[in-house]
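One structure is given below, encoded as structure tokens.
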Amino acid sequence: MPHTFDAEAVRTWCGLALEALGRAREGIDAINVYPVADGDTGTNLYLTVESAAHAVGAAFNGHAATGTASRPSLGDAIGAMAHGALIGAHGNSGTILAQMLRGMADVLAEEHEAGDAASEARDAGDVRHAGGAVLSRALLRAADSARNAVARPVEGTVLTVAASAAAAAARAAGVPPTGHGASAPRGSETGHGAATAQGARAGNGAAAGHGAATASEDGAVPGARDISATRSPAAPVGAVARAAYEGACAALEATTGQLDVLARAGVVDAGGYGLVTVLGALAETLTGERTTAPTSPLRSTPGSHALGPGRPDAEPRERRRPAAPPAPLPPAERSADADAPYDAAASERAPADGGHSGQLAGCDGEPITGPAYEVIYLLEADDTAVARLRGRLDALGDSLVIVGGDGLWNVHVHVDDAGAAVEAGIQAGRPYRLRITHFGAAAERRLNRETPPREPKRTDGARGTGHGARGERAARSVVLVVPGDGLAALCAEAGATVVTTRPGEPPASGELVDAIRRAHAHEVVLLPNDAELRHTAAAAAAQMRTEGVRVALIPTRSVVQGIAALAVHEEDRGFDEDVVAMTSAAGATRYAELAVAERQSWTMAGVCQAGDVLGLIDGDVVVIGADLLATARTVLDRMLAAGGEMVTLVLGAGVPNNLAERLEEHVRERHLAVDTVNYRGEQPSAPLLIGIE
């Protein structure tokens with residue numbers, strides 16, 4: 001059955017792309033030999049799409065808060081996806097993908113402004129869904145925008161794959177391809193890839209010569225307005241998406257013969273394979289049929305990594321909103337503090353001689369050559385300043401990609417002088433979220449991943465905090481996610497490494513990986529304290545195991561379960577014994593939460609009105625009340641009716657201390673031999689959290 005390209009499709013697309021990249025990530029990393037053989041292209045794309053998916057989810061949540069029937073428009077959803085990818089872009093491949101999404105968002109914004117209703121339905125003036133012709137225009141703009149963002153475009157890369165996908169989509173929509181998609185290379189016989197390995201520049205960065213076309217100054221695909229006038233409104237959007245995917249697959253197969261470095265390694269372009277994966281998810285979303293993964297690129301050399309078997313089954317299925325996959329989280333290289341000055345971040349990554357680490361091998365087994373550092377940062381600056389920055393960074397290094405617009409940009413470049421690259425950003429505007437990666441250090445960590453860790457050396461037997469001295473790991477640490485500053489301070493005092501969440505912004509798997517690294521321990525117990533974080537935490541745990549850290553994930557669903565587990569943690573026990581004790585304590589803790597309803601809604605306890613106090617036990621609404629104290633008493637009575645020895649009360653931000661005192665008095669009077677303990681959690685999302693052990 002045909003599917004619609006609307007906001008819900010964008011959300012589904014994000015989820016399916018994240019799942020697919022989770023499955024293919026390690027294989028994509030394994031074939032990453034260009035532009036730097038640092039084995040992280042799959043990783044970078046995974047993290048970029050993860051950020052995009054979070055942004056789309058936040059857009060839906062924001063609309064839901066305004067009314068039960070409120071939904072974002074297609075333009076809103078694609079715009080959120082593009083913005084999320086922009087601010088979370090990792091590496092060369094992630095930055096290019098972010099710009100492609102921005103190009104798609106720009107086309108949908110133009111459709112709204114033009115008021116052309118021939119190929120999309122409208123509701124209250126918003127674009128609600130688009131047809132195949134609009135999708136083809138969006139993909140053409142995406143390919144052109146990505147090429148224009150690259151200072152020195154090279155054929156045989158993701159840019160070639162994007163151009164071929166756009167050309168195929170245009171043909172399926174019944175319109176002539178224009179721009180860079182018009183002459184997408186068909187195979188190695190084009191012969192121009194190796195000759196232009198360094199790229200030729202024309203105008204604002206578009207490639208000159210074969211496979212390129214002159215772009216307009218605003219980055220639009222030449223002839224895009226003509227497409228609008230001649231497109232067929234009946235073009236099925238699913239057929240266009242499928243054609244784009246198949247065109248990308250064909251171009252991907254040809255990349256091996258277009259770049260010498262790919263031919264020597266016997267692989268296709270890793271970034272191109274990642275884009276094929278993302279386009280496959282789009283085709284699956286809009287057709288309801290599973291796509292068959294490309295059969296290439298597999299290494300032809302011993303020890304090669306396959307990207308996994310294809311999925312020949314093409315059975316229609318219902319559109320669904322998938323959960324985040326339990327896939328290994330990519331090994332992102334980040335500074336300890338993303339907003340730290342560049343010299344602080346670089347100091348931990350620079351080799352003693354401050355230069356290349358040429359004797360370290362990349363993923364293809366060959367020495368890493370070229371610039372020593374990858375520098376990425378977000379930049380607030382105007383267009384004029386960015387134009388000057390582009391010229392300055394292009395002179396400093398290579399692999400320069402600057403994407404974004406409207407005052408916010410993502411800057412990516414490979415350089416030997418990381419400080420100069422950051423200084424150029426400071427002169428252009430306000431850089432932040434800085435990441436500096438030393439390619440040699442990153443490769444060394446990857447080569448050492450399979451080396452088993454040393455047996456933990458115990459010194460004074462004291463309980464470790466997980467923050468050992470630089471170069472010396474602690475024996476064991478606990479990492480947990482908490483919703484408030486008070487709980488964060490409490491858990492940190494107990495020796496744990498803490499990830500503090502904000503309302504509506506759950507931590508990404510990369511943040512959990514960073515926290516486990518900060519714990520700097522041989523053994524780590526991870527407590528997500530939220531059922532929605534189970535897959536995210538599993539991905540982080542799996543990734544850190546590949547780096548030699550022994551990680552046990554206890555799937556706690558509430559922070560009160562995490563507190564109970566932390567309370568029985570003992571480092572002097574064996575690791576397995578400690579995990580069993582903590583798991584038992586968490587499992588024996590029932591949890592409840594009091595919240596305030598934001599709007600009228602149906603619940604398991606009936607209809608609530610905005611401002612009502614909701615009592616939730618194990619995630620389900622069981623009590624609706626008008627008063628926080630009375631509702632909390634009812635919840636406590638229901639929970640303690642099944643028994644209990646200890647009540648934990650965690651007070652939220654702005655809740656008076658006497659609430660805990662009155663609830664303690666209630667427990668003493670109504671339930672014999674039950675102790676009560678309370679904490680100032682200062683969580684902003686819930687006035688009260690309750691745990692019963």
Side-chain angles (χ1 to χ4, degrees), residues 480-491 494 500-501 503 527-533 554-568 582-597 603-605 608 612-693:
L480 74 171
V481 180
V482 298
D485 293 336
L487 286 172
L490 174 72
C491 296
T500 306
T501 63
L527 307 172
N529 298 332
D530 186 338
E532 297 295 325
L533 292 179
I554 300 177
T556 47
R557 295 178 292 173
S558 170
V559 71
V560 292
Q561 291 184 323
I563 292 173
L566 183 60
V568 301
M582 295 175 70
T583 302
S584 178
T589 303
R590 287 167 291 149
Y591 63 94
E593 173 185 340
L594 270 72
V596 178
T603 74
M604 293 185 64
C608 69
D612 285 348
V613 178
L614 308 179
L616 297 85
I617 297 178
D618 293 338
D620 295 324
V621 177
V622 297
V623 180
I624 300 174
D627 175 74
L628 182 61
L629 177 61
T631 306
R633 286 171 172 167
T634 302
V635 169
L636 281 169
D637 290 342
R638 289 199 180 192
M639 297 181 75
L640 288 171
E645 299 176 354
M646 170 72 75
V647 173
T648 300
L649 304 173
V650 182
L651 303 183
V655 176
N657 290 326
N658 65 359
L659 175 69
E661 296 170 0
R662 298 178 71 176
L663 291 176
E664 287 181 12
E665 181 181 356
H666 176 78
V667 171
R668 283 196 304 269
E669 293 177 353
R670 298 287 299 272
H671 306 278
L672 298 178
V674 178
D675 295 326
T676 305
V677 61
N678 69 82
Y679 304 106
R680 295 270 354 159
E682 301 300 337
Q683 66 276 4
S685 56
L688 181 66
L689 302 175
I690 300 174
I692 305 290
E693 301 176 50

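Keep in mind it's a predicted model, so treat the numbers as computed, not measured. Side-chain atoms are counted along with the backbone in the values below, which use heavy atoms only and exclude waters and symmetry mates. One-based numbering along the sequence shown.
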Starting at [atom1] of [X], measure out to [atom2] of [Y] and round the result to the nearest 0.5 Å.
{"X": "Thr583", "Y": "Gln561", "atom1": "OG1", "atom2": "CD", "answer": "10.5 Å"}
{"X": "Ile563", "Y": "Cys491", "atom1": "CD1", "atom2": "SG", "answer": "5.5 Å"}
{"X": "Thr556", "Y": "Leu480", "atom1": "OG1", "atom2": "CG", "answer": "7.5 Å"}
{"X": "Arg662", "Y": "Leu628", "atom1": "CZ", "atom2": "CG", "answer": "10.5 Å"}

- Item | Ala605 backbone acceptor or donor facing Thr603 side chain under 3.5 Å |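 Here the side-chain-to-backbone pair exists.
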- Message: I'd like to know if the side chain of Asn529 reaches the main chain of Val481, judged simply by a donor and an acceptor atom lying under 3.5 Å from each other, with no hydrogens or angles considered.
- Response: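 Present.
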Is there side-chain contact between [X] and [Y], with at least one heavy-atom pair below 4.5 Å?
{"X": "Asp637", "Y": "Arg670", "answer": "yes"}
{"X": "Leu629", "Y": "His666", "answer": "no"}
{"X": "Thr500", "Y": "Pro483", "answer": "no"}
{"X": "Leu616", "Y": "Val622", "answer": "no"}

- Item | Qualifying residue for side-chain contact (heavy atoms from CB on, under 4.5 Å) with His671, from Val647, Leu640, Thr676 |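 The single option meeting the side-chain contact (heavy atoms from CB on, under 4.5 Å) with His671 is Leu640.
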Taking distance alone, no hydrogens or angles, what donor-acceptor pairs closer than 3.5 Å link side-chain atoms of residues 678-693 to residues at least two apart or in another chain?
| from | atom 1 | to | atom 2 | distance (Å) |
| --- | --- | --- | --- | --- |
| Asn678 | ND2 | Glu664 | OE2 | 2.5 |
| Arg680 | NE | Glu682 | OE2 | 3.0 |
| Arg680 | NH1 | Val655 | O | 2.6 |
| Arg680 | NH1 | Asn657 | OD1 | 2.7 |
| Arg680 | NH2 | Gly652 | O | 3.0 |
| Arg680 | NH2 | Val655 | O | 3.0 |
| Arg680 | NH2 | Glu682 | OE2 | 3.3 |
| Gln683 | NE2 | Val650 | O | 3.2 |
| Gln683 | NE2 | Ala686 | O | 3.1 |

- Please lay out, stage by stage, how Leu663 and Arg633 fare under the test side-chain contact (heavy atoms from CB on, under 4.5 Å). CA-CA 7 Å; Leu663 291 176; Arg633 286 171 172 167; 3.9 Å; yes
- Item | For Arg638, all residues meeting salt bridge (charged side-chain N to carboxylate O under 4.0 Å, His left out), sequence neighbours excluded |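 Checked Arg638 against salt bridge (charged side-chain N to carboxylate O under 4.0 Å, His left out); zero matches.
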